[in-house]
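Before any comments, here is the structure.
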Amino acid sequence: MYARTATLRGDPRRVDQAITFVRDEWLPTATDLDGCTGLSMLVGRRTGRCIVTSGWADEQAMLASAESMRPDRARLGKVLGAVPVVAQWEIAVLHRVQPTGPDAVCRLVWSTRPDPSALDDDVATFRMALLPRIEELTGFCSASLLVDRVSGNTVLAVAYADREAMLVAGQRADAVREQYARAMCGRITEVTDLDLAVAHLRVPETV
């Protein structure tokens, strides 16, 4: 499974308009494309940061969709007054224990590894040692690990039922994140929390 992300940092006052566009216009267009498994959208209402992720059955489908996805991505850029930054990923791990609701939030952890050739070992360690601990966190809904085998960049997204649950997870989540950094043999470059505004990414379990 593969994913393409479009990250924009735009006008916070236009975030609701952006959500409406992605949900009502971009999502139906994208899911008509061969191999597309849907879209999700994460937003920061105070910062104007938005991340739209499209899922793909395989790398060929993702690459073939490039031109078809470009117009809607450009329209979202106009809505937010921002330039989309595009990245492509392999979905190494996807695990769900419960569906997300309207109050769901995600904590995203970006990291980079100096030796991308060892990512398979890192992913195996994540599955065996870290995922069971993440699953025990209060309000846990799902976890996905995306990797870029060329750059060594990874992003871990952990979805919680709501912001209160994520705050309750607190120190336990911090401890897991520190273990994650050690297990992945990489350097954490950013941690951020975003609201899950559109949740229609139908990626099958990989665990």
Side-chain angles (χ1 to χ4, degrees), residues 1-94 96 99-110 112 142 144-157 159 189-190 192-204 206:
M1 302 297 296
Y2 287 80
R4 179 187 290 115
T5 56
T7 301
L8 305 92
R9 298 175 184 266
D11 186 344
R13 297 169 297 180
R14 299 181 182 177
V15 166
D16 284 334
Q17 183 181 350
I19 293 170
T20 298
F21 166 71
V22 170
R23 183 188 62 226
D24 297 344
E25 299 186 51
W26 193 355
L27 174 62
T29 301
T31 51
D32 281 342
L33 299 175
D34 289 342
C36 182
T37 60
L39 289 181
S40 70
M41 183 181 189
L42 299 170
V43 303
R45 295 183 180 279
R46 293 183 180 179
T47 63
R49 186 177 190 177
C50 297
I51 302 175
V52 177
T53 302
S54 55
W56 302 93
D58 51 45
E59 187 175 21
Q60 182 178 0
M62 179 179 68
L63 296 177
S65 71
E67 288 302 317
S68 299
M69 296 285 280
R70 197 184 306 276
D72 283 322
R73 192 165 59 235
R75 287 183 63 191
L76 179 62
K78 289 182 178 179
V79 170
L80 288 167
V83 177
V85 176
V86 180
Q88 297 182 150
W89 308 87
E90 178 185 338
I91 304 175
V93 177
L94 191 289
R96 298 184 185 91
T100 54
D103 298 320
V105 296
C106 280
R107 175 159 290 167
L108 303 176
V109 181
W110 282 271
T112 186
S142 67
S144 57
L145 177 64
L146 279 58
V147 303
D148 180 342
R149 294 184 179 276
V150 176
S151 67
N153 294 335
T154 65
V155 57
L156 170 63
T189 56
E190 185 182 359
T192 192
D193 302 330
L194 297 173
D195 295 333
L196 181 57
V198 177
H200 289 277
L201 196 59
R202 307 306 185 210
V203 178
T206 62

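Everything numeric in this text was worked out from a predicted model, so none of it was measured.
For C106 against A159, the heavy-atom pair with the smallest separation is SG-CB, 3.7 Å. A3 approaches T53 most closely through the heavy-atom pair CB-CG2, 3.9 Å. Heavy-atom minimum distance, C50 versus L80: SG-CD1, 3.8 Å. Between A61 and G35, the closest heavy-atom pair is CB-CA, 4.0 Å. Closest of all the heavy-atom pairs between F21 and D72 is CE2-O, 3.5 Å. Closest non-hydrogen pair, M1 versus A57, comes out as SD-O, 3.7 Å.
The OG1 atom of T20 sits 14.0 Å away from the CZ atom of R14 when rounded to the nearest 0.5 Å. Here the straight-line distance linking atom CG of L8 with atom CE of M41 works out to 8.0 Å at 0.5 Å rounding. In this structure, CG on L156 lies 6.0 Å from CG on L145, to the nearest 0.5 angstrom. Going from atom OG1 of T37 over to atom CE of M62 covers 11.5 Å, rounded to the nearest 0.5 Å. Note that CG of L42 and CZ of R49 are 9.5 Å apart. Values are rounded to the nearest 0.5 Å. Rounded to the nearest 0.5 Å, atoms CE (M69) and CH2 (W56) are 4.5 Å apart.
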Kindly indicate, with the supporting measurements, whether the criterion side chain to side chain contact (heavy atoms under 4.5 Å, CB included) is fulfilled by T192 and T47. CA-CA 11 Å; T192 192; T47 63; over 6 Å; no
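Between R45 and I19, some side-chain heavy-atom pair lies under the 4.5 Å cut-off. Proximity of V203 to S144: side-chain heavy atoms (C-beta onward) are nowhere separated by under 4.5 Å. The shortest side-chain heavy-atom distance between D193 and V105 does not fall under the 4.5 Å cut-off.
Each of L76, V198, T31 was compared with W26 under the side-chain contact (heavy atoms from CB on, under 4.5 Å) criterion, and only L76 meets it. Of the residues N153, D148, T5, the one that meets the side-chain hydrogen bond (donor to acceptor under 3.5 Å, both in side chains) test with W89 is T5. When the options L63, L146, V150 are evaluated for a side-chain contact (heavy atoms from CB on, under 4.5 Å) with Q88, the one that passes is L63.
Formation of a donor-acceptor pair under 3.5 Å by the D195 side chain with backbone atoms of A197 is not found in this model. Side-chain N or O atoms of R4 include none that pairs as donor or acceptor with a backbone N or O of S54 at under 3.5 Å. In this structure, the side chain of S40 does not engage the main chain of L201 through any donor-acceptor pair within 3.5 Å.
Atom CG of D11 sits in a crowded spot, with more than 12 heavy atoms from other residues, nucleotides or ligands closer than 6.0 Å. In the displayed structure, Q60 atom CD is contacted under 6.0 Å by at most 12 heavy atoms of other residues, nucleotides or ligands.
Ionic pairing of E59 and R149 is not present here: no N-O contact between side-chain nitrogen and carboxylate oxygen is shorter than 4.0 angstrom.
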